[in-house]
Amino acid sequence: MPIASPEVYAEMLDRAKAGRFAYPAINVTSSQTLNAALKGFADAQSDGIIQVSTGGAEYLSGPSVKNMVSGAAAFAAYAYEVAKNYPVNIALHTDHCPKNKLDGFVRPLMEISKERVAKGQEPLFQSHMWDGSAVPVAENLQIAEELLTQAAQAKIVLEIEVGVVGGEEDGVENAINEKLYTTVDDGLAMVEALGLGEKGRYMAALTFGNVHGVYKPGNVKLRPEILKQIQDAVGERYGKDKPLSLVFHGGSGSLLSEIREALDYGVVKMNIDTDTQYCFTRPVADHMFRNYDGVLKVDGEVGNKKLYDPRAWGKAAETGMAARVVEACEHLRSTGTTLAK
């Protein structure tokens with residue numbers, strides 16, 4: 001299937017909320033991790049979201065180039081070509097973008113999409129995230145409103161964050177404290193500023209104790225009921241049932257019961273990064289340890305080309321990551337839900 005059109009993406013998100021499932025949003029940093037994510041979604045017969053962060057986009061442009069827009073555009077171009085070979089719909093997304101990187105990342109990418117749409121083409125990306133968690137809520141929503149207007153013109157879904165995700169990702173670090181819990185007032189202010197679709201479509205990453213990074217299950221103190229409280233308050237004010245499309249960040253270490261509860265309250269997208277990074281790297285470590293004298297020219301020998309060929313360990317890495325994507329689809333109830341059926 002080709003990369004999802006704006007109409008297909010909208011249908012994906014609507015079906016997810018109605019069916020109480022969510023799409024794994026897999027962070028990638030290379031063609032290999034992208035291919036692994038595609039295989040995982042295809043194996044699970046699930047549509048999905050593949051995303052790149054500011055750091056990932058910078059890395060994709062070349063380690064000495066470090067151009068986020070160039071890397072993101074290259075990622076998208078490659079994805080558009082290889083995704084045609086898989087029987088699922090894939091949306092492309094850019095992950096956390098703080099205020100100081102908007103002008104060097106999201107805004108230029110939106111301009112590219114606006115130009116493409118003006119020519120009758122599809123937008124380059126299907127959604128972009130503005131991470132305003134480090135600025136006051138009023139400023140966060142003011143910037144979000146401006147970006148939403150631009151996104152709507154480019155047929156793009158905007159993702160915003162209202163609240164703070166703890167831990168560290170791509171150099172953005174937040175303390176683990178009470179700011180990790182979005183309030184009902186924050187949710188109502190968000191809707192007052194952005195509407196409920198009439199100004200453009202958006203998803204909201206409301207925080208309920210989420211933390212980026214590596215944590216054992218049970219160590220992250222999540223309160224999914226906060227999502228229900230905000231949905232109920234907004235729904236009551238505007239006369240709509242479960243009006244918000246929500247995003248789950250910082251899911252590593254979450255209990256499956258907590259994940260499933262969040263799905264019931266309107267989460268349609270859950271970011272997966274730490275776990276898939278490990279599942280990509282673990283088979284590589286295994287290959288290197290088991291084939292030490294083959295991948296290295298030990299004691300003046302020549303090694304074994306078949307073992308140090310990047311394809312040898314690369315295939316193992318992609319297989320390991322794809323399996324974790326399948327598991328994520330199972331956890332999020334998206335297995336077998338593809339629109340391509």
Side-chain angles (χ1 to χ4, degrees), residues 1-28 33-53 56 75-76 79-80 83 86-96 123 125-129 156-161 201-206 210 224 227 242 244-252 254 256 258-276 279 321-341:
M1 300 290 289
I3 294 296
S5 66
E7 294 76 19
V8 168
Y9 192 32
E11 187 177 354
M12 285 169 56
L13 298 178
D14 288 342
R15 290 177 75 246
K17 187 161 65 169
R20 297 188 300 118
F21 66 88
Y23 298 105
I26 307 300
N27 281 74
V28 302
T33 49
L34 170 59
N35 286 331
L38 288 169
K39 184 180 187 304
F41 284 124
D43 289 347
Q45 297 181 42
S46 170
D47 299 327
I49 300 168
I50 297 179
Q51 60 190 24
V52 61
S53 66
F75 153 74
Y80 269 88
Y86 293 88
V88 291
N89 297 286
I90 299 296
L92 303 182
H93 177 77
T94 61
D95 200 10
H96 293 271
F125 282 82
Q126 285 64 59
S127 52
H128 292 296
M129 181 187 178
I156 291 168
V157 176
L158 182 68
E159 178 183 333
I160 68 166
E161 183 170 312
R201 182 153 192 164
Y202 67 94
M203 298 180 283
L206 305 181
N210 321 55
L227 301 182
K242 207 160 63 174
L244 301 173
S245 295
L246 304 179
V247 180
F248 190 155
H249 286 236
S252 297
S254 303
L256 182 57
E258 295 170 332
I259 293 172
R260 294 277 174 82
E261 186 179 354
L263 301 184
D264 292 340
Y265 300 150
V267 166
V268 297
K269 172 181 180 281
M270 179 174 174
N271 289 12
I272 312 285
D273 189 14
T274 302
D275 293 345
T276 45
C279 289
M321 180 172 165
R324 183 61 182 85
V325 173
V326 171
E327 182 182 20
C329 292
E330 293 171 353
H331 288 171
L332 300 184
R333 304 178 182 143
S334 72
T335 303
T337 63
T338 177
L339 286 168
K341 279 189 167 184

> Going through the checks in order, is the side chain to side chain contact (heavy atoms under 4.5 Å, CB included) test met by T33 and M321?
Replying inline: CA-CA 8 Å; T33 49; M321 180 172 165; 3.9 Å; yes
> Is there a side chain to side chain contact (heavy atoms under 4.5 Å, CB included) between V157 and Q126 once you walk through the steps?
Replying inline: CA-CA 6 Å; V157 176; Q126 285 64 59; over 6 Å; no
>> I'd like to know whether M203 forms a side chain to side chain contact (heavy atoms under 4.5 Å, CB included) with L246, so could you lay out the CA-CA distance, the side-chain angles of the two residues, the decisive distance to 0.1 Å, and finally the verdict.
In response: CA-CA 6 Å; M203 298 180 283; L246 304 179; over 6 Å; no
> Could you walk me through whether N27 and S53 pass the side chain to side chain contact (heavy atoms under 4.5 Å, CB included) check?
Replying inline: CA-CA 7 Å; N27 281 74; S53 66; 4.1 Å; yes
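Checked for salt-bridge contact, D264 and K17 miss the test: no charged N lies under 4.0 Å from a carboxylate O.
If you check the side chains of Y23 and S46, you find no donor sitting under 3.5 Å from an acceptor. No hydrogens or angles considered: a donor-acceptor pair under 3.5 Å links the side chains of N271 and D95.
Each of H93, E161, K269 was evaluated against V247; a single residue qualifies, K269, per the side-chain contact (heavy atoms from CB on, under 4.5 Å) test. Of the candidates I49, I3, T338, T338 is the only one forming a side-chain contact (heavy atoms from CB on, under 4.5 Å) with N89.
Residues H128 and E159 are not in side-chain contact: their nearest non-hydrogen atoms beyond the backbone lie 4.5 Å or more apart. Counting heavy atoms from C-beta outward, R201 and S245 have side chains that approach closer than 4.5 Å. H249 is listed as a side-chain neighbour of M129, based on a closest heavy-atom distance under 4.5 Å. Side-chain contact between F125 and I156 is absent, with no heavy atoms from C-beta onward closer than 4.5 Å. A heavy-atom distance below 4.5 Å is not found between the side chains of S334 and D47. Contact check for F41 versus I26: side-chain heavy atoms found under the 4.5 Å cut-off. No side-chain heavy atom of I90 sits less than 4.5 Å from a side-chain heavy atom of Y80. By the 4.5 Å heavy-atom criterion applied to side chains, V267 and L227 are counted as neighbours.
Here the CG-CZ distance, from D275 to R324, works out to 4.0 Å after rounding to the nearest 0.5 Å. Taken to the nearest 0.5 Å, the CD atom of Q45 stands 9.5 Å off from the OG1 atom of T337. In this structure, CD1 in I272 is found 9.0 Å from SG in C329, a value given to the nearest 0.5 Å. For the atom pair CD of E11 and OG of S5, the computed distance is 9.0 Å after rounding to the nearest 0.5 Å. Once rounded to the nearest 0.5 Å, the distance linking CG of L263 with CZ of F21 reads 10.0 Å. Atom-to-atom distance recorded for Y265:OH and R260:CZ is 14.5 Å, nearest 0.5 angstrom.
For K242, the NZ atom sits in a packed shell: over 12 heavy atoms of surrounding residues, nucleotides or ligands are nearer than 6.0 Å.
Minimum heavy-atom separation, S254 to I259: CB-CG1, 3.9 Å. For the pair V52 and V28, the tightest heavy-atom approach, listed with the atom from each and the gap, is CG2-O, 3.9 Å.
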